[in-house]
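A note on names: the letters A, B, ... follow the listed sequences, proteins ahead of strands, and every chain is numbered from 1.
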2 protein chains.
Amino acid sequence: MSTHDQDPTERSEEQELRNCQSVRQILSRFGDKWTSSVVGVLGDKRLRFRDIHRAIGTISQRMLAVTLRGLERDGLVVRTAYPTVPPRVEYHLSERGRALIGVLRPFGEWVSANHDAIEESRKIFDGDTEEHE
Amino acid sequence: MSTHDQDPTERSEEQELRNCQSVRQILSRFGDKWTSSVVGVLGDKRLRFRDIHRAIGTISQRMLAVTLRGLERDGLVVRTAYPTVPPRVEYHLSERGRALIGVLRPFGEWVSANHDAIEESRKIFDGDTEEHE
DNA sequence: CTGCATCCGTATCGATACTG
DNA sequence: CAGTATCGATACGGATGCAG
């Protein structure tokens, strides 16, 4: 995973574990409740806080602020504040953010393609375990 | 949430939002604390509960059971129980599971490549916000 | 050996109210 | 407009004990 591994037998477990943690950190950011929606709404656009808030509709101001902070902290979103009255703040995806969603796209397509099959697996699984009662 | 969307001009947005939810569901499974470790340990092998437990080392039995149930429910892992005494249960990745980690690999490589840069962004961000005290 | 039940601490989320 | 502060509800994770 880390580099192009030419050692298929046994690459360093230690490094793989560390790597696993990094991957999980990013994955859990996108696995949280709002990040993917925010990134999806942003797309290639520059949007104000209010516009993102309205576009998503069901997110609270607090969670939008928290989500944007997290993305900004990782350098995936750029925040631009204009010192005007009333204040105006714009957000847009950084280069890094755009690259990341590009890498994530094949994953999204796979999920779309397999969504129905996964749903069915869940139904079957839930049905089977219920029969124990 | 997407049900009240009354914008007839942009139908793709609606579908994209629904899609977003599906993607997030899978993403949050892999974003949880243990799934990626379990999948990583499994690899191409068939392993018993106990072996997975030992391989990860720090996971509790409870969380391993919960994680495996979740993966099995989505059809990503296959569980095989032998009715012996003492019981013996083996787990291995399904075809679907293998396909999914294949799709996830480019993501993992991207994270490895950008891990240091992200770390630095966080340090800078945390340093800047601390100055407010 | 497998893995569920229980309890408990912590983290996350959401609603509301408030500030600059 | 763009947030922060506070609180309560819920979800998640870990330790322990026990059953099949």
Sub-3.5 Å pairs of nitrogen or oxygen atoms, protein against nucleotides 18-20 of chain D:
none

Are there any protein N/O atoms within less than 3.5 Å of an N/O atom in nucleotides 8-14 of chain C, and if so, which ones and at what distance?
| residue | atom | partner | partner atom | Å |
| --- | --- | --- | --- | --- |
| C/dG14 | OP1 | A/Lys33 | NZ | 2.2 |
| C/dG14 | OP2 | A/Trp34 | NE1 | 2.7 |
| C/dG14 | N7 | A/Arg62 | NH1 | 3.2 |
| C/dG14 | O6 | A/Arg62 | NE | 3.4 |

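Remark: A/Glu90 pairs with A/Arg46, A/Arg88 by the salt bridge (charged side-chain N to carboxylate O under 4.0 Å, His left out) rule, at least two apart or across chains. Every residue two or more places apart in sequence or in another chain that forms a side chain to side chain contact (heavy atoms under 4.5 Å, CB included) with B/Leu64 is listed here: B/Val38, B/Phe49, B/Ile52, B/His53, B/Ile59, B/Leu68. Listed by chain and number, the residues in a side-chain hydrogen bond (donor to acceptor under 3.5 Å, both in side chains) with A/Gln61 amount to none (sequence neighbours excluded). In this structure A/Ser121 satisfies the side chain to side chain contact (heavy atoms under 4.5 Å, CB included) test together with B/Arg96, sequence neighbours excluded. The salt bridge (charged side-chain N to carboxylate O under 4.0 Å, His left out) check on A/Arg24 picks up nothing, with sequence neighbours excluded.
We find that CG of A/Asp51 is positioned 9 Å from P of D/dC1, with the value rounded to whole Å. Atom CZ of A/Arg79 and atom P of D/dC1 are 16 Å apart (whole Å). The separation between A/Ile52 atom CD1 and D/dC1 atom C1' is 13 Å, rounded to whole Å. Rounded to an integer number of Å, the gap from A/Glu90 CD to D/dC1 P is 14 Å. Between A/Arg48 atom CZ and D/dA2 atom C1' there is a gap of 9 Å when expressed in whole angstrom units.
Between A/Tyr91 and D/dG3 there is a side-chain N or O to OP1 or OP2 distance below 4.0 Å. For the OP1/OP2 pair of D/dA2 and a distance below 4.0 Å, the side-chain nitrogens and oxygens of A/Arg54 include no atom meeting the criterion. Not one side-chain nitrogen or oxygen of B/Arg88 sits closer than 4.0 Å to the OP1 or OP2 atom of C/dC1. Taking 4.0 angstrom as the limit, B/Arg69 places a side-chain polar atom (N or O) nearer than this to OP1 or OP2 of C/dC4.
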Can you give each donor-acceptor pair under 3.5 Å made by side-chain atoms of residues 106-114 of chain A, sequence neighbours left out, with the distance rounded to 0.1 Å?
| residue | atom | partner | partner atom | Å |
| --- | --- | --- | --- | --- |
| A/Trp110 | NE1 | A/Asn114 | OD1 | 3.4 |
| A/Ser112 | OG | A/Gly108 | O | 3.0 |
| A/Ser112 | OG | B/Asn19 | OD1 | 3.0 |
| A/Ser112 | OG | B/Asn19 | ND2 | 2.9 |

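Of all the heavy atoms in B/Pro87 and B/Arg48, the pair that sits closest is O-NH2, 3.5 Å.
Considering only heavy atoms from C-beta on, B/Tyr91 stays 4.5 Å or farther from B/Asp51 through its side chain.
Pairs engaging residues 60-69 of chain B under the salt bridge (charged side-chain N to carboxylate O under 4.0 Å, His left out) rule: B/Arg69-B/Glu72 [sequence neighbours left out].
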